[in-house]
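Structure, as structure tokens:
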Amino acid sequence: MSEFDYDLFVIGGGSGGVRAARTAAATGARVALAEESRLGGTCVIRGCVPKKLMVYASEFADTVEAARDYGWDAQLGGFDWTRFRHRLHGELDRLEGVYRAMLERSEVRIFDTRARLTGPHEVALAEGGSVSAKHILIATGGSPVRPALEHADLGLVSNDMFLLDRLPASLLIVGGGYIGCEFACIMAGLGVDVTMFLRGGQILNGFDDECRGLVAEMMHERGIDIHTGTSIVAMGPSGDHEDVRPVGAGSDAATGAPVGPRAAPDPALEGNPKSETGAEAGCPLWVQSTTGREAVYDHVLFATGRAPNTGDLGLDAAGVELGRSGEVVVDAYSQSSVPSIYAIGDVTDRVALTPVAIREGMAFTRTVFQGEDCPVDHDLIPSAVFTQPQLGTVGLTEEEARTRCEIDVYCAAFRPMHSAFIGRPGRTLLKLVVNRETRVVMGAHIVADDAGEMIQLIGIAVKNKLTKEQFDATCAVHPTMMEELVTMSQPARSG
Ligand code: NDP
């Protein structure tokens, strides 16, 4: 008989925690998991999944317009946010149920409550009582952060975007990372007048410069008003600034242009979750920027980064070392400074992506419960930004690669057949960054519709360190956008 109640206690029921719990239980371990909110975590409930569904919703206006140019007698009706939101939350409820069922089938004991460490092997439950476990896994994820600014609490964060009562006419987005850019494209596609404030000179810091430039240009083409080198100096309720004209007034989704009239809030949605910030549509905000500009927006979205959820978890008391951003410091096996306590996913601030958290969870199980030596591999992780067009990336940017070795850069920039035929501005960029000496492809970057799908496949080649010549030995698929990937014979530049 073990001296502990469980072999593993997982705190956090997001993608990483659930996968670790299930895989550990499959080895015969006695596993429990605590989740204070909804099973599925950020990705399923307030991140990747609802975001992607909103991306799909936002693309139809363009599709209908393109269909007309292709000869269809297609008419764009109105977008009914209320109807979409109702279906969206129905889907999230379904997925949450799937997660619960998977855990139950794996015989993981679920505690629907907050858990807090009280020692290296003990956890106190907010619902009462405490349990002990041989191993404890922290998988509590992260949360959006707002800048330190008076009235910042009146702005929204990404979690709130799925809970809006109605679509705003205008939206100011602060921050130009993944979340800022994705929501800018989504909301513009739904007919919202979108303005972005970037404190730096360009969107998507850390991505390949040429790709960032093209995505920014395409966002501009979509009517997104991007202000670089701009921050908020003051903000507050618009009531005190009635002389300032609301952005989007007279040319917004409310008037039907370009995607049609918004529906009135549906009383049937009364039971749905409300904004986590308490800010509601219909409460416009006055904003003054560092450039002296004053404007009123229906909403302000702070997409200014995320912080690890380590507050009030009892980590200090248990002796767990935290880093400068409050993240749990772990080694390559996700083990913290306390040997019985591990951490995976966004709470460790390594690579904040769902598939990475899942892999960290599986590596944890293999190391701790299957006796394997399984450090987490964080090298060459493909990812995509779901802007319109999307940006897919794996490996080094041209700028990073230049600091390491001599490189050849192969590029193809063109108007894809689908857009060229109807005179649309859409452009595609394919880029391979190649080590000139070894010929290994060190990075691949794509700006294109569905670049997220493409980079998943190219990621296999880059991860396996194929050379440019091995890419070229593969026959092209014609006519496709990606055929350029194996036919770019001359470097665009070297250095
Ligand atoms: P990011 O770190 O990607 O971007 C944050 C943005 O906010 C940057 O533009 C940053 O500017 C700016 N910023 C930060 N602080 C301030 C401030 N005080 N005032 C003004 N601007 C500020 O964070 P996100 O929140 O967009 O995303 C968090 C993480 O979530 C991502 O790193 C990613 O790992 C993950 N994610 C992944 C997605 C995907 O895979 N498709 C989708 C969404 C999120 P600067 O660039 O100058 O630092």
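Please read these numbers as outputs of a predicted model, since none were measured by experiment. Index from 1, following the sequence. First listed ligand is number 1; within each ligand, the first listed atom is number 1.
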What is the closest protein heavy atom to atom 2 (O) of ligand 1, and at what distance does it sit? G305 CA, 4.4 Å
Is the shortest side-chain N to carboxylate O distance from E59 to R222 below 4.0 Å? no
Could you tell me whether the side chain of W81 and the main chain of L164 form a donor-acceptor pair under 3.5 Å? yes
Name the option, out of G392, G177, C43, G200, that contains the heavy atom nearest to atom 8 (C) of ligand 1. G177
Ligand 1 to K51, heavy atom cutoff 4.0 Å, flagged ligand atoms 41 (N), 42 (C)
When you look at S334 and R350, which way does the side chain to side chain donor-acceptor pair (under 3.5 Å) test go after all the steps? CA-CA 10 Å; S334 300; R350 288 179 284 183; 3.0 Å; yes
Could you see which bit of N205 sits under 4.0 Å from ligand 1, with heavy atoms only: side chain, backbone, both or neither? side chain
Just distances here: any N/O of P147 and N/O of ligand 1 closer than 3.5 Å? no
Counting only heavy atoms closer than 4.0 Å, does ligand 1 sit against the backbone of P144, its side chain, both, or neither? neither
Quick test: of every protein heavy atom, which one is nearest to atom 26 (O) of ligand 1, and how far off is it to 0.1 Å? I179 N, 2.9 Å
May I ask you to check if ligand 1 and F386 share an N or O to N or O distance below 3.5 Å? no
Out of T304, T387, L391, whose heavy atom is nearest to atom 21 (N) of ligand 1? T304
Salt bridge D165-R85, side-chain N to carboxylate O under 4.0 Å: yes
Close aromatic pair by centroid cut-off 6.0 Å: F84 and F162: no
To which protein heavy atom is atom 6 (C) of ligand 1 closest, and what is the distance rounded to 0.1 Å? A303 O, 3.4 Å
Which protein non-hydrogen atom lies closest to atom 15 (N) of ligand 1, naming both residue and atom, and how far is it? R199 NH1, 3.4 Å
List the steps, then state whether ring-ring contact (aromatic ring centres under 6.0 Å, His included) holds for F471 with Y410. CA-CA 12 Å; F471 271 64; Y410 295 82; 10.0 Å; no
Which ligand 1 atoms, with their elements, are less than 4.0 angstrom from a heavy-atom of A384? 39 (C), 40 (O), 41 (N)
Basic-acidic side-chain contact under 4.0 Å: D349, R306: no
Between CD on residue Q202 and OG1 on residue T228, distance to nearest 0.5 Å: 8.0 Å
Please determine whether a side-chain nitrogen of the Lys or Arg among R402 and E398 lies less than 4.0 Å from a carboxylate oxygen of the Asp or Glu. yes
Taking the side chain as every heavy atom from C-beta outward, state whether D379 and K463 have any atom pair closer than 4.5 Å. yes
Please determine which of L172, T304, D225 meets the side chain to side chain contact (heavy atoms under 4.5 Å, CB included) test together with F197. L172
With heavy-atom distances below 4.0 Å as the criterion, list the atoms of ligand 1 near G176. 6 (C), 8 (C), 9 (O)
Under 4.0 Å from ligand 1, counting heavy atoms only, is it the side chain of L353, its backbone, both or neither? side chain
Touching ligand 1 at all, S383? Heavy atoms, strictly under 4.0 Å? no
For atom 28 (C) of ligand 1, closest protein heavy-atom neighbour: R306 CD, 3.7 Å
Measure the distance from atom 42 (C) of ligand 1 to every protein heavy atom, then report the residue, atom name and distance (to 0.1 Å) of the closest one. E182 OE1, 3.3 Å
Identify the protein heavy atom lying closest to atom 31 (C) of ligand 1, giving its residue, its atom name and the separation to 0.1 Å. Y178 CD1, 3.5 Å
In terms of residue, atom name and distance, what is the protein heavy atom nearest to atom 35 (C) of ligand 1? A352 O, 3.3 Å
SG-CG distance between C43 and L353, expressed to the nearest 0.5 angstrom: 10.0 Å
